[in-house]
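Position 1 is the first residue of the sequence; numbering continues from there.
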Amino acid sequence: MLSGVGPRVHLMKHGIKPLVDQPMVGKGMGDNPMNALFVPSPSPVEVSLIQVVGITKFDSYIEAASGLSFSYGWTRKFFEGVLNFLNETNLSPTTFSTQSIEDMLRSMDPLLNATTRAGVILQKVSGPMSRGHLELRNTNPYDNPSVRFNYFQEPEDLRKCVQGLSTIIKVINTKAFSKFRYLDMSVPRLLNLMLSVPTNLRPRHMTATFNLEQFCTDTVMTIWHYHGGCQVGRVVDKNYRVFGVDALRVIDGSTFLKSPGTNPQATVMMLGRYMGQMILREKAAYAKRKSHKKQE
């Protein structure tokens with residue numbers, strides 16, 4: 001968009017000369033919504049990143065990690081970003097104060113250093129139907145754009161979230177899991193614990209403790225698997241060349257129609273290597289044809 005490839009009206013609004021009117025740039029943005037339960041454990045647990053993944057029949061991934069303060073770490077990073085944004089833009093939202101967030105972060109410090117006896121079980125909706133869009137906030141290339149993912153806009157995504165959380169609750173209630181859960185830590189208490197962690201800026205509802213649909217909506221967060229915006233067939237062709245532009249390709253997660261598996265990193269790296277090899281072969285073939293013409 002900053003280079004003049006994108007929706008004409010949007011580019012002109014920011015004073016950018018449209019070189020290619022491409023209305024689909026920035027459209028079809030997706031992100032897999034994540035909801036988690038933080039489970040304190042009465043006994044020490046192994047320090048582990050996400051290693052166990054359950055793939056359900058209803059297209060949600062159940063993932064587990066342990067021994068790290070994931071909920072608080074994510075929250076701290078999130079709100080540090082919020083504070084930086086507010087300080088840079090001189091905004092003062094009415095829903096919360098920056099002072100209260102700073103106080104909250106300070107109060108978390110002991111928890112950040114004392115949560116090795118805990119685990120996180122999360123569910124991620126795979127292939128969400130809900131889609132959003134990306135727009136420019138300004139023409140500064142160092143600023144983040146404005147992105148809206150529209151989590152749970154489609155009822156099907158919310159249904160999958162409820163099924164995923166229901167599966168997590170079944171796991172927590174099993175005999176095998178009992179040694180990793182305090183006897184007095186009921187499921188409603190675990191839900192309330194998660195509701196007390198400000199994972200997003202959405203308001204909390206009292207009914208969320210007993211209504212998993214409301215819990216999904218209130219505690220949804222990103223799992224950082226953004227995709228879409230320059231999709232194959234809409235912005236780029238099957239060889240990842242940008243429609244209407246010579247000698248320009250987009251080869252990254254923005255070309256994906258959906259995010260593959262649990263983490264797209266390996267897929268993005270594989271795509272980059274595959275296309276890199278293809279470009280090298282194309283160059284070699286072109287050089288060979290040019291050499292033959294000279295000989296003729």
Side-chain angles (χ1 to χ4, degrees), residues 1-34 59 81 85 88-89 124-157 220-261 263-286 289:
M1 289 184 180
L2 292 174
S3 300
V5 180
R8 180 181 182 86
V9 174
H10 181 59
L11 299 184
M12 294 181 67
K13 178 182 176 182
H14 289 280
I16 300 172
K17 180 181 178 181
L19 299 180
V20 177
D21 182 14
Q22 175 45 279
M24 295 308 297
V25 172
K27 299 298 190 297
M29 290 287 293
D31 184 34
N32 306 80
M34 175 178 71
D59 291 331
F85 174 74
E88 290 173 1
T89 57
K124 177 194 86 170
V125 175
S126 178
M129 298 179 67
S130 302
R131 292 289 170 167
H133 60 273
L134 177 150
E135 293 180 339
L136 297 175
R137 288 195 299 116
N138 54 47
T139 57
N140 186 347
Y142 297 102
D143 276 357
N144 287 326
S146 172
V147 182
R148 186 178 184 86
F149 292 115
N150 291 322
Y151 298 119
F152 302 135
Q153 184 180 58
E154 296 294 332
E156 180 68 10
D157 294 340
V220 65
M221 64 185 100
T222 180
I223 199 168
W224 305 287
H225 295 177
Y226 323 126
H227 53 281
C230 286
Q231 295 175 340
V232 173
R234 296 178 177 177
V235 177
V236 299
D237 64 19
K238 64 180 182 180
N239 290 316
Y240 297 89
R241 293 188 178 94
V242 178
F243 291 126
V245 183
D246 292 333
L248 177 63
R249 303 185 201 234
V250 176
I251 304 173
D252 59 27
S254 69
T255 62
F256 294 168
L257 299 179
K258 63 181 292 186
S259 179
N263 191 306
Q265 178 173 307
T267 307
V268 173
M269 294 172 69
M270 180 182 69
L271 174 63
R273 176 166 176 77
Y274 176 82
M275 290 305 301
Q277 292 295 315
M278 178 182 285
I279 291 170
L280 289 175
R281 288 196 297 269
E282 287 178 353
K283 287 185 175 181
Y286 174 78
R289 289 195 302 270

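Summarising the geometry of C230 relative to V250, their closest heavy-atom pair is CB-CG1, 4.2 Å, with the distance given to 0.1 Å. R131 and Q153 make their closest contact through O-OE1, 3.9 Å (heavy atoms, listed as atom of the first residue, atom of the second, distance). N32 approaches P128 most closely through the heavy-atom pair ND2-CD, 3.5 Å. For T255 against D252, the heavy-atom pair with the smallest separation is OG1-O, 2.7 Å. The minimum heavy-atom distance linking P7 with K27 is given by the pair CG-NZ, 3.9 Å.
Residues L257 and V232 fail the side-chain proximity criterion, which asks for heavy atoms closer than 4.5 Å. The shortest side-chain heavy-atom distance between F256 and L271 falls under the 4.5 Å cut-off. Counting heavy atoms from C-beta on, the side chains of Q22 and V242 never come closer than 4.5 Å.
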Could you walk me through whether M24 and Q231 pass the side chain to side chain contact (heavy atoms under 4.5 Å, CB included) test, one step at a time?
-> CA-CA 8 Å; M24 295 308 297; Q231 295 175 340; 5.8 Å; no
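Taking CH2 of W224 as the reference point, atom OG of S259 lies at 13.5 Å (rounded to 0.5 Å).
Counting non-hydrogen atoms of other residues, nucleotides and ligands closer than 6.0 Å to CZ of R8 gives a total of 12 or fewer. When the shell of 6.0 Å around CD of Q265 is examined, it contains 12 or fewer heavy atoms from other residues, nucleotides or ligands.
Of the possible polar contacts, none joining the E156 side chain to the M129 backbone as a donor-acceptor pair under 3.5 Å is found.
Side-chain polar atoms of D31 and Y151 form a donor-acceptor pair below 3.5 angstrom.
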Could you list the donor-acceptor pairs under 3.5 angstrom formed between side-chain atoms of residues 11-18 and any protein atom two or more places apart in sequence or on another chain?
unit_1: H14; atom_1: NE2; unit_2: L136; atom_2: O; d: 3.1

